[in-house]
Each structure stands twice: as structure tokens, then as C-alpha cells.
Amino acid sequence: MKIYNTMTRKKEDFVPIRENKVGIYVCGPTVYDYIHMGNARPMIVFDTLRRYLMYKGYDVNYVSNFTDVDDKIIKRAMEEGVPSVEISERYIEEVKKDMKALNVMEATTHPKATEEIPDMIDMIKVLIEKGHAYEVNGTVYFRTRSFPGYGKLSKKNIDDLEAGHRDIKVAGEEEKEDFLDFVLWKPKKEGEPSWESPWGEGRPGWHLECSVMSKKYIGDIIDIHAGGEDLIFPHHENEIAQSEAANDVEFARYWMHNGFLKIDGEKMSKSLGNFFTIRDIGKKYPLQVIRFFILSAHYRSPLNFADTLVESSKSSLERILNAMSKLKDAMDYAEEKEVSAKEKELLEKIEEYVTKYEAAMEDDLNTADAISVIFEMVKFANSSISSANAKIVVERMYAVIGKLCDILGIITETETEILDSEIEALIQERQAARKAKNFARADEIRDVLAGQGIILEDTREGVKWKRA
RNA sequence: GGCGCCAUAGCCAAGUGGUAAGGCAGAGGUCUGCAACACCUUUAUCACCAGUUCAAAUCUGGUUGGCGCCUCCA
């Protein structure tokens with residue numbers, strides 16, 4: 001498979017370090033609030049990458065952290081007057097709920113920063129020993145200029161950074177040797193969570209945790225490191241500096257970054273009031289629709305989020321679901337018989353679609369193209385596959401579309417739901433009315449059920465219903 | 001100021017040298033008691049200008065417009 005590597009700015013053939021094994025590290029959220037649409041994009045995109053690699057037979061070690069010690073968490077805790085651990089634990093649980101609702105698989109490991117402090121201290125010690133870090137008044141800084149490759153991911157050169165920096169001085173800057181140096185360990189302030197360290201009580205800097213956790217749970221070299229494009233600088237640049245300075249080996253082979261999500265054409269931000277949490281969106285749309293919507297564009301493109309676009313995705317997804325529902329019915333009625341010569345061609349055609357789908361996914365996870373292949377299959381199924389075919393043919397069609405959707409994390413399997421007896425009775429009454437050509441009554445019942453979110457469809461095999 | 005990205009039909013969105021996938025919406029038709037589902041038909045020369053080439057949406061240069069990072073951020 002080809003992956004666009006931010007480091008080289010090119011699509012490269014993906015070759016894992018260890019045969020058939022892939023280690024993926026995705027920077028996870030800071031848990032101080034419900035996750036929003038922007039957080040969801042990398043979760044969904046890289047979960048899809050993971051699912052595809054698993055489908056290809058790779059053993060995927062997927063690590064994604066929870067940043068559970070951070071200024072924003074502390075601020076929130078102070079506002080609510082509770083310990084910050086209460087905030088982080090609460091939102092880790094909420095984030096997990098949202099991820100589940102988005103059908104994002106649980107990571108192999110979900111490390112938390114606060115549980116990895118000893119390893120972070122060890123890495124800082126190594127960096128100090130090697131001359132890549134130094135301590136001033138309880139703060140440990142990374143000596144950025146001591147790492148020659150600094151800027152290689154974001155393609156920034158140190159002198160440009162210096163020029164751009166002059167206007168934006170930060171407090172405490174005087175004590176640093178160099179403005180480029182960033183914090184590995186910061187001393188405790190009153191009321192903040194802290195840990196013992198050789199440099200006094202304090203807490204780790206943000207960039208350090210990812211270097212430490214990826215090393216611990218994947219190894220010194222990781223196959224794929226992923227996250228939002230805004231993390232390229234400074235977060236990922238700093239991770240590279242820390243890890244490569246400490247471990248003396250390349251940090252990550254492939255860097256993948258998803259594009260930003262915009263709201264009605266504008267950047268999402270709290271001040272613009274266009275900040276949407278997954279929790280709120282879930283009240284308006286099935287989150288499956290959101291997942292489908294996000295995957296309908298290439299992951300590196302900016303993606304605009306607007307109601308009309310989601311509505312459109314909802315209709316699109318229904319087309320797939322309708323086709324699957326029809327296939328399921330066809331399976332029930334299809335006979336187990338010999339596959340005819342003509343049907344053999346149908347089976348071959350199905351495999352051609354699979355090949356085409358895989359080619360799309362192989363090309364830097366082109367989910368938009370892959371989805372278009374699914375729609376081609378849907379059309380093919382709707383027009384060429386029916387209960388008149390041998391059962392095995394129908395089953396294959398159903399299984400293939402189901403599997404290809406599953407790789408995208410789209411659930412097509414609908415569990416058979418039992419309607420309550422009252423609704424069931426109304427449907428029966430309507431059927432009787434139709435038989436008696438009392439269409440006024442039949443339509444009236446259909447309207448009543450529609451009002452309750454039950455949509456009826458009359459098919460040759462009888463009445464079908466679905467939720468609006 | 002530095003680094004980088006994008007511009008394809010009413011909307012969304014693939015396509016990186018050989019004469020434009022797919023979806024939504026719209027129009028016409030078939031099926032249906034009607035509707036829904038489904039099926040058939042129908043809707044673009046790819047921001048603009050110049051160049052390279054037998055051939056460009058696809059390469060090069062320029063113009064215009066939009067966006068991101070450089071500060072916490074997915």
C-alpha cells in the first residue's frame with residue numbers, strides 16, 4: 001500500500017519494520033471536555049487505516065494516548081472545584097463512549113500520561129546525560145539546537161522560527177538558553193497535580209508523553225505515527241527531537257496527518273460559536289452518518305462540515321443500507337441450486353469490484369474512491385442480483401458489500417427488531433385495508449406510523465418497514 | 001515576514017499526460033392503488049492567462065481567489 005509520508009512529502013510504499021506487524025501511534029485527545037468533530041476525524045480516519053491493515057492480514061499494534069495532565073484540565077478542575085483527576089477520568093469515560101458510538105475500535109493500548117511518569121523521568125535523565133537537556137530552577141528544557149535534524153518534518157528552518165518569534169515572547173523565557181528550547185518538565189504550582197522527580201515536584205511537558213509511550217508500547221522505531229496536521233509543528237517536531245536524541249534511531253517511518261475540519265467554511269473555534277461536540281451531533285444524526293461523511297472525502301483534504309452536507313451523506317448511506325436490506329431478503333428466498341454459467345460471471349464481477357476497492361484503499365487510503373466502488377456494487381446488486389439467483393451468489397454479494405463497508409467502520413448488519421404489538425397490528429390492518437381497496441384507510445395508517453418514525457415500503461415479498 | 005496546501009457540474013467529491021468515477025439534489029420515464037425502494041435516460045471540458053507536448057484537469061511559469069501552520073489546538 002502507498003502512504004503519503006509527511007516527512008518526505010511523497011507517497012511511499014508501505015513496508016513494515018517487522019514482517020506482518022504494524023505499530024501505529026496516534027496522538028489522542030486531551031481529556032478536559034467532550035470531543036468535537038475535529039477530534040473525531042483522526043480517530044475515524046486512522047481507525048479505518050487500522051481496519052484496512054487488519055483486513056490485509058497485518059497484526060496491528062494500535063496505540064493512542066489520553067493526555068490526562070495538562071493546563072486545560074487543571075483549569076477546568078479549578079472552575080469546578082474538583083481534583084483534576086476527576087475531570088480527566090470523567091472525560092476519558094465520555095470520550096470512550098463517543099468513540100464506541102463512532103464505531104472506532106478500542107486501541108490495543110490506551111496509555112495515560114499520568115501512569116507513565118517514571119518512564120518520562122527516565123527519558124529526561126537520558127537527555128540530560130547526553131547533553132540534550134538542562135535544568136533551570138526546577139524546569140527542564142530540551143536543548144533544541146543540540147538536535148541537528150530539528151525542523152525536518154515541518155520543513156522549518158531554525159532561523160525563520162527565530163525571526164517569527166520576536167513578537168511573541170512568553171513568560172519565563174529569560175531563563176532558557178535559547179528561545180527554541182521547549183519544556184520537558186515543569187515545576188509544580190500551587191493546587192496543581194505533581195510528581196516527585198530529581199528536579200523537584202512537578203509535571204511533564206506535553207510533547208514528552210508521546211515519545212515515551214510510543215517507545216514503551218511499540219518500540220524505539222514505530223511504523224506509522226499519525227495525528228492532525230496542526231500537530232506537525234511543534235508537537236511532532238518536538239517528539240522527533242526528543243526520541244531521536246534519546247534513542248539514536250529514526251523515530252517513525254511514516255508520518256500521516258489528516259486535514260482540518262471546517263464548519264460552514266470557517267475554522268471551528270469556540271469564539272465563533274461553531275463548536276460541535278460529537279455528543280450533540282449524535283442527537284441530530286446517527287453517528288454512523290458522520291463516520292460515512294468524514295470518509296467521503298480524502299483524509300488529507302480539508303473537510304467542510306455543514307448540515308446540508310450531512311443530510312446528503314445520510315441519503316447516500318441509506319442507498320447502501322437499502323441495497324443490503326434487499327439482499328438480505330433475497331437470501332431468504334433464494335434457492336440453493338447450481339451456479340449457472342451466467343452467475344459465474346456475476347461472481348467474477350463481484351471479485352473485480354473487490355480488487356478495485358482495494359486499489360483505492362492501497363492508494364494512500366482513498367476512502368472516497370473506495371466508497372464510489374461500493375456504490376458501483378450497490379447498483380450492480382440492485383440490478384443484477386435477486387432471489388432468482390442461486391443462494392450462494394446472493395450470499396457472496398451480501399458478504400462482500402458488508403465486509404467492504406466494515407473496513408470503513410460502516411455497519412450494514414441490521415439486527416431484526418421486534419415492533420411492539422400495537423404497531424404490528426396497525427400494519428396488519430393496513431394490509432387488510434389495501435386488500436379491500438380501502439386505500440384511504442391504508443394511507444392514513446401509513447401516515448400515522450410515519451409520524452412515529454416508522455416508514456413502510458410495499459414490496460413483492462410483503463411489507464417492509466424501517467426507521468426514519 | 002517564513003513554510004505549505006487548495007481551486008473539477010446546483011451541492012459534495014475521485015481522477016496527476018491520452019479526450020472527465022461515484023453520491024446528493026433536479027428533470028423525464030418504468031414499476032406501484034398511491035407512495036417509498038429500485039431501474040432506465042438526462043446535467044461539466046476541469047478558476048484565469050501563457051507555455052511544454054502528437055496529446056494536459058493532470059507538467060512548467062504567471063494571475064486571481066480561498067485555506068492551513070509558524071502560539072494551546074485533531
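Quick note on labels: first sequence line is chain A, next is B, and so on, each numbered from 1.
Side-chain to base pairing of R446(A) with A36(B): no donor and acceptor N or O lie closer than 3.5 Å to each other. Below the 3.5 angstrom threshold, one finds no donor paired with an acceptor across the side chain of N382(A) and the base of C37(B).
With hydrogens and angles left out, the side-chain atoms of K466(A) and S325(A) include no donor and acceptor closer than 3.5 Å. Using a 3.5 Å distance cut-off with no hydrogens or angles, the side chains of E239(A) and H235(A) do pair a donor with an acceptor. Side-chain N/O atoms of D364(A) and Y299(A) include a donor and acceptor closer than 3.5 Å.
Among the protein residues, S301(A) comes within range of the sugar-phosphate backbone only, with heavy atoms under 4.0 Å from sugar or phosphate atoms but none that close to a base. Among the protein residues, H36(A) comes within range of the nucleic acid bases, having at least one heavy atom under 4.0 Å from a base atom. K464(A) comes within contact range of no nucleotide atom at all, as no heavy-atom separation falls under 4.0 Å. Among the heavy atoms of the strands lying under 4.0 Å from D369(A) is at least one base atom, whether or not backbone atoms are also near. Within 4.0 Å (heavy atoms only), E376(A) reaches sugar-phosphate atoms of the nucleic acid but no base atom. Looking at heavy-atom distances under 4.0 Å, K437(A) makes no contact with the nucleic acid at all.
Note on R145(A) versus D178(A): salt bridge recorded, some NZ/NE/NH1/NH2 to OD/OE distance being below 4.0 Å.
The nearest heavy atom of RNA chain B to R434(A) and to K379(A) marks one nucleotide each, and the one closer to the 5' end goes with R434(A).
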